[in-house]
Amino acid sequence: MKVAMTDMDIIWEQKEENKEQCLSMIKEASEQKADVILFPEMTLTGFSMDVENIRDKKGESIRFFSDLAKKIHIAIGFGYVTEEEKKGRNHFCFLDKEGRVSADYEKIHPFTYGGENRFYAGGKKLCHFSFEDFTCGLFICYDLRFPEVFQSLPEATDVVFLIANWPKARMEHWYTLLQARAIEMQCYVVGINRIGEGNGIKYEKSSVTFSPEGKRLSEVEGERNRYIEIDRDSRLRYVEEFPTRKDRRPDIYFA
């Protein structure tokens, strides 16, 4: 599977301008024959607490990206916001190459330190699905700090996609935790982060993929995106040779 990793400088709470950026990135990914392109958390707005202003009211974000996925024939992963019972929901939606929703995950862990819990409710379900013969899982940003949810995905998980607005001030944590989750899960972990500045918080170029062995994958630079290749058979061979997950004892961990 060829994955386009974006380095998107999200313009704060400006959906239409951010859509133009996304369109340019998607076109390049298609030209590079990527199977999927992944955008950062809250793709069209940045990590905003202004739920009323940024939320989708009639499914407009899914419709926008779905039309592009179907027209250009590329899978797309992106973040958006809805509101339910007076609190926001922070979503990671994955569309297949026909623009159909393969998965729509709600962030389980709101970032209390940043006040997210005051405006957003936590999701209640793990998310896994099939795409291009891969078993995939989805997470968002702060979820990365909780290994329990990763370990609760099926043992057959081949790749985890995680989208974020992870600040420059905590970059060491970002790389360390992504690598650790890959090693623990024995699967690929693809972390997609934004760049630039939003609401006074600085971000840096840091979208990255780690292999099941915990090695950072080599990337091919494009003008707008970076590209990596992940191989399911390679993961399966590694797990067969070094099957550490089979020694887990969840009966004790979650007793």
Side-chain angles (χ1 to χ4, degrees), residues 1-47 60-80 91-103 131-134 136 138 140-141 158-166 168 174-175 178 188-198 202-211 216-232:
M1 183 196 306
K2 187 172 185 177
V3 180
M5 304 190 302
T6 56
D7 299 301
M8 184 177 176
D9 188 352
I10 301 173
I11 302 166
W12 186 249
E13 296 181 349
Q14 298 299 314
K15 289 189 177 183
E16 294 308 312
E17 293 179 58
N18 287 316
K19 284 179 181 179
E20 290 300 316
Q21 284 200 75
C22 291
L23 177 58
S24 176
M25 292 175 169
I26 291 169
K27 285 181 176 178
E28 181 191 283
S30 176
E31 291 167 0
Q32 294 295 324
K33 296 183 172 23
D35 295 296
V36 58
I37 182 169
L38 300 170
F39 291 98
E41 179 183 17
M42 298 192 192
T43 304
L44 299 179
T45 63
F47 187 62
E60 55 267 29
S61 291
I62 290 180
R63 187 163 56 251
F64 168 74
F65 285 108
S66 178
D67 288 346
L68 287 174
K70 186 175 182 179
K71 179 180 179 180
I72 300 177
H73 196 62
I74 187 171
I76 302 174
F78 64 96
Y80 74 105
H91 293 256
F92 179 1
C93 183
F94 191 99
L95 305 171
D96 69 15
K97 293 179 180 180
E98 298 302 320
R100 298 171 299 212
V101 175
S102 295
F131 173 71
E132 300 280 300
D133 295 327
F134 283 73
C136 311
L138 302 182
I140 300 175
C141 204
D158 299 303
V159 57
V160 170
F161 300 126
L162 181 140
I163 60 174
N165 279 201
W166 196 284
K168 181 178 179 180
W174 168 253
Y175 290 116
L178 287 169
Y188 294 98
V189 174
V190 183
I192 304 298
N193 200 16
R194 65 159 295 178
I195 64 171
E197 184 174 331
K202 294 182 179 180
Y203 304 88
E204 71 177 25
K205 183 177 177 178
S206 53
S207 294
V208 65
T209 298
F210 288 99
S211 74
R216 180 169 178 168
L217 294 191
S218 298
E219 304 151 3
V220 175
E221 291 274 353
E223 184 177 342
R224 301 300 308 273
N225 313 310
R226 288 177 289 133
Y227 301 88
I228 55 96
E229 299 263 6
I230 60 176
D231 179 62
R232 183 172 180 266

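Just so we're clear, the structure is a prediction, and the values are computed from it rather than from any experiment.
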> Judged by modelled atom types alone, do Glu28 and Tyr227 share a side-chain donor-acceptor pair under 3.5 Å?
Replying inline: yes

> Would you say the side-chain atoms of Arg194 pair up with the backbone N or O of Gly46, donor to acceptor, closer than 3.5 Å?
Replying inline: no

> Looking at Gly191 and Trp174, what are the two nearest heavy atoms and their distance?
Replying inline: C-CZ2, 3.7 Å

>> Is it the case that the side chain of Thr209 and the backbone of Val190 share a donor-acceptor pair, with hydrogens and angles ignored and the cut-off at 3.5 Å?
In response: no

Can you give the donor-acceptor pairs under 3.5 Å from side chains of residues 67-75 to other protein atoms, not counting sequence neighbours?
unit_1 : atom_1 : unit_2 : atom_2 : d
His73  : ND1    : Lys97  : O      : 3.4
His73  : ND1    : Glu98  : OE2    : 3.3

> What pair of heavy atoms forms the shortest contact from Glu132 to Asp35, and how long is it?
Replying inline: OE1-OD1, 3.8 Å

> Among all residues two or more places apart in sequence or in another chain, which pass the salt bridge (charged side-chain N to carboxylate O under 4.0 Å, His left out) test with Glu223?
Replying inline: none

> Would you call Ile228 and Ser218 a side-chain contact if the rule is heavy atoms closer than 4.5 Å?
Replying inline: no

> Taking Arg216 for the side chain and Glu219 for the main chain, is one N or O donor matched with an acceptor at less than 3.5 Å?
Replying inline: no

> Which is it for Phe39 and Phe65 under the ring-ring contact (aromatic ring centres under 6.0 Å, His included) test, yes or no, and what are the steps along the way?
Replying inline: CA-CA 11 Å; Phe39 291 98; Phe65 285 108; 5.8 Å; yes

>> Side chains of Phe78 and Ile37, heavy atoms from C-beta outward: is any pair under 4.5 Å?
In response: no

>> Which residues pass the salt bridge (charged side-chain N to carboxylate O under 4.0 Å, His left out) test with Lys19, not counting sequence neighbours?
In response: Glu16

>> I'd like to know if the side chain of Asp96 and the backbone of Ser102 have a donor-acceptor N/O pair within less than 3.5 Å.
In response: no

> Which atom pair, heavy atoms only, marks the closest approach of Asn193 to Glu204?
Replying inline: ND2-O, 4.1 Å

> Are Phe94 and Phe92 an aromatic pair by the rule of ring centers under 6.0 Å?
Replying inline: no

> Using 4.0 Å as the upper bound for N to carboxylate O, is an ion pair formed by Asp133 and Arg232?
Replying inline: no

> What residues, two or more places apart in sequence or in another chain, satisfy salt bridge (charged side-chain N to carboxylate O under 4.0 Å, His left out) together with Asp231?
Replying inline: none

>> Restricting to non-hydrogen atoms, name the atom on Leu138 and the atom on Ala103 that form the minimum distance, rounded to 0.1 Å.
In response: CD1-CB, 3.8 Å

> Between Leu44 and Ser61, does a side chain to side chain contact (heavy atoms under 4.5 Å, CB included) hold up when you go through it step by step?
Replying inline: CA-CA 8 Å; Leu44 299 179; Ser61 291; 3.9 Å; yes

> Do Thr43 side-chain atoms and Pro40 backbone N/O form a donor-acceptor pair below 3.5 Å?
Replying inline: yes

> Shortest non-hydrogen contact from Thr6 to Asn225?
Replying inline: CG2-OD1, 3.5 Å

>> Restricting to side chain to side chain donor-acceptor pair (under 3.5 Å), what partner residues turn up for Arg63, sequence neighbours left out?
In response: none

> Do the non-hydrogen side-chain atoms of Tyr175 and Val208 ever get within less than 4.5 Å of each other?
Replying inline: yes

> Ignoring hydrogens and geometry, is there a side-chain-to-backbone donor-acceptor pair from Asn18 to Ile10 under 3.5 Å?
Replying inline: no

> Taking only residues two or more places apart in sequence or in another chain, which ones pass salt bridge (charged side-chain N to carboxylate O under 4.0 Å, His left out) with Arg224?
Replying inline: none

>> Nearest 0.5 angstrom please: Lys205 NZ to Asp7 CG, how far?
In response: 5.5 Å

> Do you know which two heavy atoms are closest between Tyr203 and Gly198, and how far apart they sit?
Replying inline: CE1-N, 3.9 Å

>> Using 0.5 Å steps for rounding, measure from the CD1 atom of Ile140 to the CD1 atom of Ile192.
In response: 13.0 Å

> Lys15 versus Thr45: any side-chain heavy-atom pair under 4.5 Å?
Replying inline: yes

>> Surrounding NZ of Lys27 (heavy atoms of other residues, nucleotides or ligands, distance under 6.0 Å), is the total greater than 12?
In response: no

> Less than 4.0 Å between a side-chain N and a carboxylate O, is that true for Lys2 and Glu31?
Replying inline: no

